[in-house]
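Ligands are counted one by one from 1 in listed order, and the atoms in each one are counted from 1 as well.
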Amino acid sequence: MKRIITILAALAFSASAFAQVHITTPTTSLVISADKGKDARYLYYGKRLSDNDLNNLSSSGTSKMNIYPAYGFNCTDEFCLSLTHADGNMSTVLKVEDVQTSQESNSVVTRIVLKDTVYPFYVTVCYRAYQDVDMIETWTEIENKEKKAVMLTRFDSACLPLRVGDTWVSHLNGKWANEARLVEEKLERGILVIQNKDGVRNAQTDHSEVMISLDGKAQENTGRVIGAALCYSGNYQLRFNSPASSYHQFFAGICPDNSHYYLDPKEVFVTPQLALTFSDEGLSGASRNFHRWGRNYKMAHGNTERKILLNSWEGVYFDINEAGMGQMMDDIASMGGELFVMDDGWFGEKYPRLNDKSSLGDWGVDKNKLPGGVAALVRMATEKGIRFGIWIEPEMTNTVSELYEKHPDWIIKAPQRDPVTGRGGSQLVLDMSNPQVQDFVFKVVDDIMSENPGIDYIKWDANMSIQNHGSQYLPKDRQSHLYIEYHRGFAKTCDRIRAKYPDVTIQACASGGGRANWGIMPWFDEFWVSDNTDALQRIYMQWGTSYFFPAIAMASHISAVPNHQTNRVTSLKFRIDVAMSGRLGMEIQPKNMTDREKEICRNAIAEYKKIRPVVQFGDIYRLVSPYEGKNMASLMYCTQDKKQAVFYWWKTETMHGEQFPRVRMAGLDPDKTYTVHELNRIDKNPLKFEGKSFTGRFLMDNGLEIPYTNNADNTFDWSSRVLHLVAE
Ligand code: DGJ
């Protein structure tokens, strides 16, 4: 019988010749057979195994999938790795050389070292298993010890076998102003590919995260689900290969298209991490694992409450001036907000930024608009008792800019061709592979921050993709490295910024939700979910986004009606009740609001402050999906000690005579008794259950009957409720 290595805390050792590697988190097991000199194979991923079942695992029937299949030798199927060795040989054969484990604070890292049987070529497949949250990060380190460069043509992060059954994939897809729409499909024979080749905004269309349901179409609170998120900011590819066999094969990694990589001798290519989770509590269970891991380990300031802000974009667009900014600051301060963000339109000396056709790259203040500069605005905000934030788009320039006049060699463009332009007919992407560009981008932030101490928040935008392949910096024979080097340059720059400015809050925006991915979150506090602020459409987009990202990361703003993107008119209460399920903010011209509307918002902000820790740090339980066509949607957040919860209920369509389901709650302590209080109340009379208390058991078994309409003077067909539950 083979020896079993259970990875225990505080253990660091090398495995002996025969081993079954058992990687564990609190409730999950990943088991790999790793016999020296043999293939390393996945045996199991799922609920944590007992010692007895681990001992007998092989006899139960397991996958035979290699943990990192390589191309070219006895390999006619999909693979993780393909390359051409220095001598032209296109085959690679990897066998186990060593297994190493080490304890690193709250996680155990296992490294399975594979070596080619002929060439001095090494692939180390790594697993970081968190000991306090059910997440495993896996990535690969590819090392060339040959004498000359090796050309990598595929270099996935990882793969995983999935037993064929009624296996479904849930993933997110969309476009500008309609990001993160949920797609659910059953895995059938053939290959399903989810990828992005934008170069910059890798979440605008497909997302690099998936939920895999092993028990039929995914349910929110029941069933076995594997969640996977590729933590990368650049082009990626996820593949589900379903040959005529008992296993689907899931692969994830950098998109290899037009990105073949020359790995120099002694160089180590480190792939992005693939974060994996398993839950038998359905999609919401897997989401809770992502959220906890994200807040604790994978995002900036995941355990710090976010401020309630007003962003100027939809209020004034490019029409920036000092008095106008001051008025918006007064308004948000008077409503109880904590931060004001000036979005776009503030910069450009020779070429003032009056619209989207010029000035990116020229980050000097337009003194005609802001005679006192940014410093005066920071001072003004401080006087009004709030903080100040600013918009930049530092990776970009315009053909009409001083930067482009000085550095036409800094932009991405194909040799011998005119550059393809983007937004405004003149936008260009700077070449982040170029260290001079990295220095420039760092300096943009450094100058703004050091010249205007007190800036609390940066909205970092990115509104163009790489539309013409060509780096004027990379050598001719390394042009295929552009996509990868762009993101290495981006990462290096973000590292420098965070080293010097660890406390500033940074929002990732990329034409809306184009950068909602775990690859950027270590440097960013949050992302803008979408440029679409229509409350109804936001319910759908935020629903999908919440599969993988916690509410604290999801910027969600109250905006004006008719909505600027959809023209829809919804009630202010509805807009508030939707925005309050994420990181609450406002994106509106307050001077166009009535006193009554301001009063409603002031009240909502005060209410949000009470529930902010529940929303931003709580566990999510999605209850009724807007995608189910039940004309309503509902979710809730519960604190981890189950002493408080917030319940949301939104009507998504009004059809006279239609019946809505009575929504059963989830995540409460059945034995606790909760008092119910409605937030953002506009109804003339309180709800029947206002101030009443119910056991968690009753609320989860039966729920509460939510009236289908709001009983107020000005009601719309959109009705909604937010209930705060507090344990006695
Ligand atoms: C695109 C972003 O998505 C918007 O929120 C806004 O910041 C504009 N850019 C500003 O130009």
Return all side-chain donor-acceptor pairs below 3.5 angstrom for residues 519-528, not counting sequence neighbours, or 'none' if the list is empty.
from, atom 1, to, atom 2, distance (Å)
Trp523, NE1, Asp495, OD1, 2.8
Asp525, OD1, Arg498, NH2, 2.8
Asp525, OD1, Ile506, N, 2.8
Asp525, OD2, His301, ND1, 2.5
Glu526, OE1, Arg583, NE, 2.8
Glu526, OE1, Arg583, NH2, 3.3
Glu526, OE2, Tyr457, OH, 2.5
Glu526, OE2, Gln507, NE2, 3.0
Glu526, OE2, Arg583, NH2, 2.7
Trp528, NE1, Ser530, O, 3.3
Trp528, NE1, Asp531, OD1, 2.9

key: Lys/Arg cation over aromatic Phe490: Arg515, 6.0 Å, 45° cone   = yes

N/O to N/O under 3.5 Å, ligand 1 against protein:
from, atom 1, to, atom 2, distance (Å)
ligand 1, 3 (O), Gly512, N, 3.0
ligand 1, 3 (O), Asp531, OD1, 2.6
ligand 1, 3 (O), Asp531, OD2, 2.8
ligand 1, 5 (O), Lys459, NZ, 2.8
ligand 1, 5 (O), Trp528, NE1, 3.4
ligand 1, 5 (O), Asp531, OD1, 3.0
ligand 1, 7 (O), Asp343, OD1, 2.8
ligand 1, 7 (O), Asp343, OD2, 3.0
ligand 1, 7 (O), Trp391, NE1, 3.1
ligand 1, 7 (O), Lys459, NZ, 3.0
ligand 1, 7 (O), Asp461, OD2, 3.2
ligand 1, 9 (N), Asp461, OD2, 2.7
ligand 1, 11 (O), Asp344, OD2, 2.4
ligand 1, 11 (O), Arg423, NH1, 2.9
ligand 1, 11 (O), Arg423, NH2, 3.0

message = Can you tell me how the ring of Trp391 sits relative to the ring of Phe347, calling it parallel under 30°, perpendicular over 60° and tilted otherwise?
response = parallel

query = Can you say whether the rings of Trp410 and His407 are parallel (under 30°), tilted (30 to 60°) or perpendicular (over 60°)?
reply = parallel

ask   = Of all residues at least two apart in sequence or in a different chain, which pass the side chain to side chain contact (heavy atoms under 4.5 Å, CB included) check with Asp356?
value = Phe318, Arg353, Arg423

message = Among residues at least two apart in sequence or on other chains, which ones pass side chain to side chain contact (heavy atoms under 4.5 Å, CB included) with Ala551?
response = Val615, Tyr637

